[in-house]
Amino acid sequence: MAVSLNDLVVTQDGTLTLRHPAYDEEFHSIKGARFEADSLYMEASGFRSHVLASDQTLGVLDVGLGLGYNALMTLECWMQGSGSHDLQLVSLEHTPELVAALADPQCNWKEGWSEDWKLWSQSLQQDPETGNWKARVQHPCSGRFFHWLVLVGDARLADLSALTFHYIWQDAFSPKKNPELWSVEWFEKLRAVSHPTVQLVTYSVARMVRDNLEGASWSQERMKTPQAQSGEGTGKKQWLRAWLRTT
Ligand SMILES: C[S@@+](CC[C@H](N)C(=O)[O-])C[C@H]1O[C@@H](n2cnc3c(N)ncnc32)[C@H](O)[C@@H]1O
């Protein structure tokens with residue numbers, strides 16, 4: 001789907017996002033692109049504390065690579081830990097221009113990014129045969145690797161069968177605009193590649209999302225956002241956490 005790489009929007013934490021003309025939505029909450037990656041996907045999922053002292057190789061699925069914020073926050077968290085195990089991150093993205101832009105040093109939404117984020121995103125290399133992208137980043141203390149694979153194409157067709165995920169960042173556009181990535185079939189596909197302890201987190205608490213998770217045998221709970229916890233009057237009040245239903 002055609003995307004303009006110039007419709008930049010400054011979010012409230014100062015990080016840049018884009019507005020997608022066809023979906024008619026921003027890629028991130030106006031509260032902050034980095035803020036959302038950090039507070040929802042890393043923090044509220046439990047990933048940050050888990051990865052600091054992980055005793056196993058973790059698999060993370062990044063649904064909708066977009067501008068790369070969730071992917072790069074995942075790598076940043078892993079780097080802050082001891083790196084005692086490898087981590088495998090798989091990002092799904094159907095717009096090739098976004099991945100190419102992310103790998104490009106001239107990419108305009110990287111303004112204000114740390115040198116690490118720039119370096120890591122620019123280490124993505126395209127496989128000319130498949131069109132997919134890969135990066136491998138080494139932990140400075142342990143020598144272990146963060147393996148990052150970006151599968152380009154419709155996420156519904158991605159072959160994930162050889163993989164197992166402990167964390168899923170469910171970050172498509174809104175259920176109204178991007179319904180194929182919030183359907184029962186989609187959540188069944190995710191279930192099939194999930195580790196028994198998987199944590200799926202997402203910003204949407206829409207009825208359709210909760211019903212479709214339920215329909216695909218996921219349990220779920222709503223979580224208060226930092227704004228709701230602080231009693232701040234503006235912004236989103238709830239996010240969603242889901243895990244596999246066992247009974
Ligand atoms: C809200 S944005 C994701 C933002 C991103 N997580 C980040 O951290 O910057 C949603 C992304 O999902 C992608 N997308 C939407 N439908 C898709 C599909 N069927 N298959 C693969 N990617 C899709 C869009 O192109 C867009 O980049």
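Throughout, residue positions are numbered sequentially from 1 according to the sequence presented. Ligands are counted one by one from 1 in listed order, and the atoms in each one are counted from 1 as well. Just so it is clear, the structure is predicted and the values come from calculations on it, not from any experiment.
Annotation for ligand 1: atoms under 4.0 Å from non-hydrogen atoms of Leu98 are 27 (O). Residue Thr95 approaches ligand 1 through these ligand atoms, each under 4.0 Å from one of its heavy atoms: 25 (O). Those atoms of ligand 1 with a heavy atom of Tyr69 less than 4.0 angstrom away are 7 (C), 8 (O), 9 (O). The contact set between ligand 1 and Leu67, taken as ligand atoms under 4.0 Å from a residue heavy atom, comprises 7 (C), 9 (O). In summary, the atoms of ligand 1 found under 4.0 Å from a heavy atom of Leu65, numbered by their order in the structure, are 5 (C), 6 (N), 7 (C), 8 (O), 9 (O).
Polar contact with ligand 1: absent for Ala172 (N/O pair, distance under 3.5 Å). At a 3.5 angstrom cut-off on N or O pairs, Asp171 counts as close to ligand 1. For ligand 1, the polar-atom distance check against Ala155 finds a nitrogen or oxygen pair separated by under 3.5 Å.
Between the CG atom in Leu58 and the CG atom in Leu89 there is a gap of 11.5 Å [rounded to 0.5 Å].
At a heavy-atom cutoff of 4.0 Å, ligand 1 is contacted by the side chain of Leu181 but not by its backbone. The backbone and the side chain of Phe173 each have at least one atom closer than 4.0 Å to an atom of ligand 1 (non-hydrogen atoms only). With a heavy-atom cut-off of 4.0 Å, Glu25 does not touch ligand 1 at all. Neither the backbone nor the side chain of Thr17 comes within contact range of ligand 1; no heavy atom lies under 4.0 Å.
In this structure, of Gly64, Ala158, Gly68, the residue bringing a heavy atom nearest to atom 12 (O) of ligand 1 is Gly64.
Counted by atom type alone, Gln170 and Trp186 present one or more donor-acceptor pairs between their side chains at under 3.5 Å. With hydrogens and angles left out, the side-chain atoms of Ser114 and Asp116 include no donor and acceptor closer than 3.5 Å. Checked by atom type, the side-chain pair Asn178/Glu180 shows a donor-acceptor distance below 3.5 Å.
Under the 6.0 Å cut-off for aromatic ring centres, Trp109 and Phe27 do not qualify, their centroids lying 6.0 Å or more apart.
Among protein heavy atoms, the minimum distance from atom 27 (O) of ligand 1 is reached at Glu93 OE1, 2.6 Å. The nearest protein atom to atom 8 (O) of ligand 1, hydrogens excluded, is given as Asn70 N, 3.0 Å; this is a heavy-atom distance. Considering only non-hydrogen protein atoms, atom 9 (O) of ligand 1 sits nearest to His28 NE2, 2.8 Å. Protein heavy atom closest to atom 15 (C) of ligand 1, with residue, atom name and distance, is Asn178 OD1, 3.1 Å. Looking only at protein heavy atoms, the nearest one to atom 18 (C) of ligand 1 is His94 ND1, 3.5 Å.
For Trp182 (side chain) and Phe173 (main-chain N/O), a donor-acceptor pair under 3.5 Å exists by modelled atom type. In terms of modelled atom types and a separation under 3.5 Å, the side chain of Arg144 and the main chain of Ser84 share a donor-acceptor contact. With Lys189 contributing its side chain and Leu160 its backbone, the two residues share no donor-acceptor pair below 3.5 Å.
Ligand 1 lies nowhere less than 4.0 angstrom from a heavy atom belonging to Val63. In this structure, Tyr23 is part of the shell of residues with a heavy atom less than 4.0 angstrom from ligand 1. In this structure, Arg156 has no heavy atom closer than 4.0 Å to ligand 1. The closest approach between Gly153 and ligand 1 falls below 4.0 Å for a heavy atom of the residue.
For the pair Ser194/Phe187, no side-chain contact is recorded, criterion being any heavy-atom separation below 4.5 Å from C-beta on.
Below 30°, between 30° and 60°, or above 60°: for Tyr167 and Trp169 the angle between ring planes is between 30° and 60°, a tilted geometry. Ring geometry for Trp239 versus Phe35: interplanar angle of 30 to 60°, hence tilted. Using bins of under 30°, 30° to 60° and over 60° for the plane-to-plane angle, the ring pair Phe145/His147 lands in the tilted bin.
Between Lys118 and Glu115 a salt bridge is recorded (basic side-chain N to carboxylate O distance below 4.0 Å).
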